[in-house]
Amino acid sequence: MAVQGLLRDGALKNLSSPSYLSLPQLDSLSLSNIMSSFMPSVRALSKAALTYSQFALLASSNTVSGGSPETCSNPQISCQNTSAIANTCCFNAPGGQLLQTQFWDADPSTGPVDSWTIHGLWPDHCDGTFDSNCDASRAYTNITSILTAAGQTSLLSYMDTYWVSDTGTNEAFWEHEWGKHGTCISTLEPDCYTDYTPQEEVVDFFNKVVTLFKTLPSYTWLSNAGIVPSSTTTYTSADILAALQSPRGVTAVIQCENTDELDEIWYFYDVQGSVQTGTFIPTDPDGATSDCPATGVKYLPKAGSSTSSTTSPTITTSTTTAPGTSPTSAPGTPFSGKGTLQVTSGGQANGCIISAGTWYIGGTCAAFTATASGSGFTLTSSKGLCAIQNADLVCASSVSTATVFTSSAGELAYAENPAFYASSVPSGSVQATVSTATLAQGLTITWKSS
């Protein structure tokens, strides 16, 4: 694959473009030109006519380490202003459209085989152009040390799994993304904090990037549409973009390497208020476009992945053998007949799935019926048929079409992926929703015959 990490996003965005402004160029601009950069494009003005209720709002968290970001009263939405807004501590400008960008690295592979990984968070102008490397004095080369000193060890662990480079070190990749893009986010300027603690804006930046990434489970969204990694199947750009648009209501941008190999997704947001404490509003891209071909797009399995190839966009499965066992005789085995769905989390058995499809650890396991269907099987409980709806496992009388599941190394699998999630481990009488979307608590589900 092409060079990633230090150079990759530089290659995707042409820094020699006339739209790119270096710091010396910015210094030479007249006041009127500077103020005009805060004005939206014609396309942005047309977007301002949309009502606020038409946007799906993404609430943000406020993670700081010492001082506090400026309190913003009546914050405006970036890229939708009709006049200049002077306070860029409460209004992202000129980089008003924020892109959460993700990688799919197949060979050499990075990250889990069933997840995309983080590229970064980019502040683009409201027309697709952008600035970069905006403050050399804050181009820190000790991101790991900064986050460690701030007590962000869990964040670092997550980044070492999901924000990784296929060349060089992860630390160098993080330094690059902060220096090139983070220093250009106006609301992260040191003077936008009261009682500023040096480098606390770095902590806010990396927390925000990871928080956004966790709300964008690209692998699951594509799988839900029957788009899974394959060495033989190809897809259309329209189908890929439709799968990514369905859960957000707005389109994304996809990028391909070697002309036709899907390797990047860009998700776009306008922000009401600051990046630290404001609301991220999903939006269509202003200026950026996809570069993948209309047809014949490859979504290759990651090197070393056991994901089977398919010969059509319809999801199929192959029998997978667990270490020390014999191959299963059919895709529906051991999920056949009557049984219970046992849950393992954190490497230990921990409760089971009950009749509504939720995870419970304080009572009797529900009885399920597994019935062979096509290349897999369906599940039914006393509540009704079971299906994946809006990424969640649901068993209810209202389910009209059961999901066809498969077995992977003896574990329940959806779209060939045995990974399920919950927001937390249930306790007492609390039940947890089981999801295919990436959440804090990972779990696997196995079958116990009755």
Parallel, tilted or perpendicular: rings of Tyr269 and Phe280 (30°, 60°): perpendicular
Minimum side-chain heavy-atom gap Tyr421-Thr436 below 4.5 Å: no
Over all atoms of both residues, closest heavy-atom pair of Ala288 and Val253: O-CG2, 3.7 Å
Min side-chain heavy-atom separation Asp270-Gln272 under 4.5 Å: no
Atom pair CD1/CD1 of Ile265 and Ile254 - distance to nearest 0.5 Å: 8.0 Å
Closest approach of Asp286 to Gln97 (non-hydrogen atoms, all atoms of both residues): N-OE1, 3.1 Å
Any side-chain heavy-atom pair of Leu341 and Leu379 under 4.5 Å: yes
Contact check, side chains of Trp174 and Asp160, non-hydrogen atoms, under 4.5 Å: yes
Pair His119 + Phe103: ring centers closer than 6.0 Å: yes
Distance SG-SG for Cys72, Cys90 less than 2.5 Å: yes
Side chains of Leu121 and Thr101 in contact at under 4.5 Å (non-hydrogen atoms): no
Derivation and outcome, side chain to side chain donor-acceptor pair (under 3.5 Å), residues Glu261 and Trp104: CA-CA 10 Å; Glu261 297 173 5; Trp104 180 262; over 6 Å; no
Spacing of Glu257 atom CD and Asp105 atom CG [to the nearest 0.5 Å]: 7.5 Å
Step-by-step side chain to side chain donor-acceptor pair (under 3.5 Å) determination, Asn133 to His181: CA-CA 6 Å; Asn133 301 303; His181 300 293; over 6 Å; no
side-chain contact (heavy atoms from CB on, under 4.5 Å) evaluation trace for Thr215 with Tyr267: CA-CA 11 Å; Thr215 70; Tyr267 295 102; over 6 Å; no
Minimum-distance pair of heavy atoms, taken over all atoms of Thr88 and Cys192: O-SG, 4.5 Å
Pair Tyr219, Asn417: side-chain N/O donor-acceptor within cut-off below 3.5 Å: no
Step-by-step side chain to side chain donor-acceptor pair (under 3.5 Å) determination, Thr277 to Ser274: CA-CA 6 Å; Thr277 65; Ser274 69; 3.1 Å; yes
Closest heavy-atom pair and its distance - Thr289, Gln255: O-NE2, 3.2 Å
Nearest-0.5 Å distance that lies between atom SG in Cys79 and atom CG in Asp127: 8.5 Å
Salt bridge flag under 4.0 Å for residues Glu175 and Lys180: no
For Tyr162, ring-ring contact (aromatic ring centres under 6.0 Å, His included) partners two or more places apart: Tyr158, Phe213
Inter-residue atom distance Phe405.CZ - Cys386.SG, 0.5 Å rounding: 6.5 Å
OG1-CG distance between Thr153 and Leu147, expressed to the nearest 0.5 angstrom: 10.0 Å
Verdict with reasoning, Gln102 to Gln100, per side chain to side chain donor-acceptor pair (under 3.5 Å): CA-CA 7 Å; Gln102 300 184 11; Gln100 203 289 320; 3.2 Å; yes
Donor on one side chain, acceptor on other, Asn92 and Ser78, under 3.5 Å: no
Shortest non-hydrogen contact from Pro190 toward Glu201: CG-OE2, 4.2 Å
Whether over 12 other heavy atoms sit under 6.0 Å from Asp260 CG: yes
Note, Phe420 side chain near Leu412 side chain (heavy atom, < 4.5 Å): yes
Between Gln276 and Thr187: side-chain donor-acceptor atoms closer than 3.5 Å: yes
Reported CD1-to-CD1 distance for the pair Ile354 and Ile361, which is rounded to 0.5 angstrom: 11.5 Å
Close side-chain approach of Asp284 and Phe268, heavy atoms under 4.5 Å: no
Heavy-atom side-chain proximity of Pro282 to Arg248 below 4.5 angstrom: yes
Test item: side-chain donor near acceptor, Asn142 and Glu171, under 3.5 Å: no
ring-ring contact (aromatic ring centres under 6.0 Å, His included) partners for Phe205, two or more places apart: Trp178
